[in-house]
Amino acid sequence: MAWQDGSVPGRYGKKGTTYDPVKDTEAFAKEVLGVIRETIPRVSLIHKTIFSHHMLNNKAHVESKAIGGGQIQAITPMEPAPSSEAVVGRTRITVDKMLSSQHKLDQLQEKQNDFDFRRKVGTLQGSMFARFIDNAALIAATKAGMATATAYNGLSAEQNAMGGTQLSIGTADRAKNPTAVWEGIASLMAQMEETEKAIVDEHSGHFIVVRPATWDVLSKSAQVYNREYKTADGTSQKVAAFDIRGVPVLKSASLPAGQNITTHLLNSTTNNNFFNGDFRKVVALITHPDSLMNAFNFEPTPMVEPPRAGQNWWSYQTIAAFTFGVDDVSQSAVLTID
């Protein structure tokens, strides 16, 4: 679901009219809002793949529940059908951080400006939030794949609640071998199916994420093929298409693969510094929307403040309050090196 209410008003302060920056503040804020909400879906991988965000009103938490413990049993003739206890597990995330990106423009510079500052700052702040949202979501998805047990409190493997899936392709040099990476991802998908965690194919909703450098490695594989697309005007274009067993391979520099994250803006005592993690051995991620939880109190929202006495500048600030967490971790998997 994309951002709502996107609008980009025209230019203000036309020749022959009285220019009142205070009255134009609301219009300027709407202009920046339109640019931000156009920029985020365009830049963000998460928006292109899974994004349906949970807006929270008057609360700070999102909770997910799962049922485990079911099994199929034989019925004895003339006896009541046997039953199994339905065990309920829960996991929850909490929004507890406010984020901000703010730029100031001196009042004199605003008068002398020869380019559309509001559009530029809206694009910049929108891009920064898009990448930050992707990073937070992909950290959560990678943690889901690395999890060895379910995230649902109250459930365990005995109740058919399982962790993510992990598979190593060996030494670090194999991460630069296109065949090794390709076959490793295919084997990882097969392992998810063998353990009955997930069916991973072109209809399942899963997708594969790698960093740009690994995407470049895969591009050298003999199994990469060209796919033809037609643009709106009928022009045909051939592009490299990466899908392994029908599951698309996407690239993002926001994937934490190869990194050791020890500080993150969304860390808190409430989430036990959830966004920290050692991802240096991760090569690729297979994930699914069901593996993730998100919660938004504020979508990225701009606020514009005009100059006033003692504050001789325009202020363009975008605020947001959100978090991500894991849900059904069995739907995610990571390919690693030793």
Side-chain angles (χ1 to χ4, degrees), residues 1 44-54 61-68 88-95 133-157 159-167 185 188-211 244-252 254-257 261 264 266 271-272 274-277 279 282-296 322-336:
M1 182 170 70
S44 169
L45 171 66
I46 295 302
H47 271 267
K48 294 182 179 72
T49 51
I50 69 169
F51 209 70
S52 177
H53 56 299
H54 298 283
H61 313 288
V62 164
E63 185 174 84
S64 179
K65 301 180 179 68
I67 298 176
V88 178
R90 295 176 172 83
T91 183
R92 188 172 76 168
I93 57 175
T94 302
V95 179
I133 289 169
D134 278 6
N135 178 249
L138 291 172
I139 286 174
T142 304
K143 282 206 159 186
M146 295 172 68
T148 57
T150 182
Y152 299 121
N153 294 320
L155 295 184
S156 64
Q159 284 88 38
N160 301 316
M162 296 175 282
T165 303
Q166 306 85 35
L167 179 68
I185 294 173
L188 186 60
M189 294 162 64
Q191 184 172 321
M192 294 174 75
E193 295 184 1
E194 281 285 351
T195 54
E196 298 184 345
K197 293 180 179 179
I199 296 175
V200 188
D201 59 25
E202 66 270 26
H203 305 298
S204 66
H206 290 83
F207 57 98
I208 300 161
V209 187
V210 297
R211 288 188 65 86
I244 300 177
R245 295 185 179 178
V247 179
V249 181
L250 309 173
K251 62 180 175 178
S252 175
S254 296
L255 183 71
I261 298 176
H264 195 279
L266 291 180
N271 62 32
N272 294 316
F274 171 80
F275 294 91
N276 284 349
F279 309 108
V282 174
V283 176
L285 165 71
I286 301 174
T287 193
H288 188 279
D290 290 349
S291 279
L292 293 177
M293 297 173 64
N294 67 61
F296 281 71
F322 60 87
T323 194
F324 284 85
V326 298
D327 199 344
D328 183 0
V329 299
S330 68
Q331 296 294 312
S332 288
V334 288
L335 187 70
T336 65

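- Residues meeting the side chain to side chain donor-acceptor pair (under 3.5 Å) test with His288, sequence neighbours left out: none.
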One pair to check against side-chain contact (heavy atoms from CB on, under 4.5 Å): Ser254 and Leu45. What are the steps and the verdict? CA-CA 9 Å; Ser254 296; Leu45 171 66; over 6 Å; no

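- The minimum heavy-atom distance linking Ile139 with Phe279 is given by the pair CG2-CZ, 4.0 Å.
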Take Thr142 and Val334 through the side-chain contact (heavy atoms from CB on, under 4.5 Å) test and state the conclusion after the steps. CA-CA 7 Å; Thr142 304; Val334 288; 4.1 Å; yes

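- With a 4.5 Å cut-off on side-chain heavy atoms, Val326 and Phe274 count as touching.
- No side-chain donor-acceptor contact under 3.5 Å links Ser332 to the backbone of Val329.
- In this structure, Phe296 and Phe324 have perpendicular ring planes: the angle between them is above 60°, well past the 30° mark.
- Put simply, the side chain of Asn294 does not reach to within 4.5 Å of the side chain of Phe322, judged on heavy atoms.
- Atom CD of Gln166 is separated from atom OG1 of Thr148 by 7.0 Å, given to the nearest 0.5 angstrom.
- Taking all atoms of both residues into account, the shortest heavy-atom contact from Ala141 to Leu285 is O-CD1, 3.6 Å.
- Atom-to-atom distance recorded for Glu63:CD and Ile93:CD1 is 11.0 Å, nearest 0.5 angstrom.
- For Thr165, the side chain to side chain donor-acceptor pair (under 3.5 Å) partners two or more places apart in sequence, or in a different chain, are Lys197.
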Apply the test side-chain contact (heavy atoms from CB on, under 4.5 Å) to residues Ile185 and Val283: give CA-CA distance (whole Å), side-chain angles for both, the deciding distance (0.1 Å), then the verdict. CA-CA 10 Å; Ile185 294 173; Val283 176; over 6 Å; no

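- Between Leu266 atom CG and Asn135 atom CG the span is 8.5 Å, to the nearest 0.5 Å.
- The structure places CZ of Arg90 at 10.5 Å from OG of Ser64, a figure rounded to the nearest 0.5 Å.
- In this structure, the side chains of Thr91 and Asp327 come closer than 4.5 Å at one or more pairs of heavy atoms.
- Scanning both residues, Leu155 and Ala161, for their nearest heavy atoms gives CB-CB, 3.7 Å.
- In this structure, the side chains of Ile286 and Ile208 come closer than 4.5 Å at one or more pairs of heavy atoms.
- Atom CE in Met192 sits 7.0 Å away from atom OG in Ser330 (nearest 0.5 Å).
- Using a 4.5 Å heavy-atom threshold, the side chains of Asp328 and Tyr152 count as touching.
- Across Thr94 and His61, no two heavy atoms sit closer than the pair OG1-ND1, 2.7 Å.
- Between Leu250 atom CG and Thr287 atom OG1 the span is 11.0 Å, to the nearest 0.5 Å.
- At a threshold of 4.5 Å between non-hydrogen side-chain atoms, the residues Lys143 and Phe275 do not count as touching.
- With hydrogens and angles ignored, the 3.5 Å screen pairs no side-chain donor or acceptor of Gln331 with any backbone N or O of Pro289.
- Contact record, Ala295 with Val95: O-CG2, 3.4 Å, taken as the closest heavy-atom pair.
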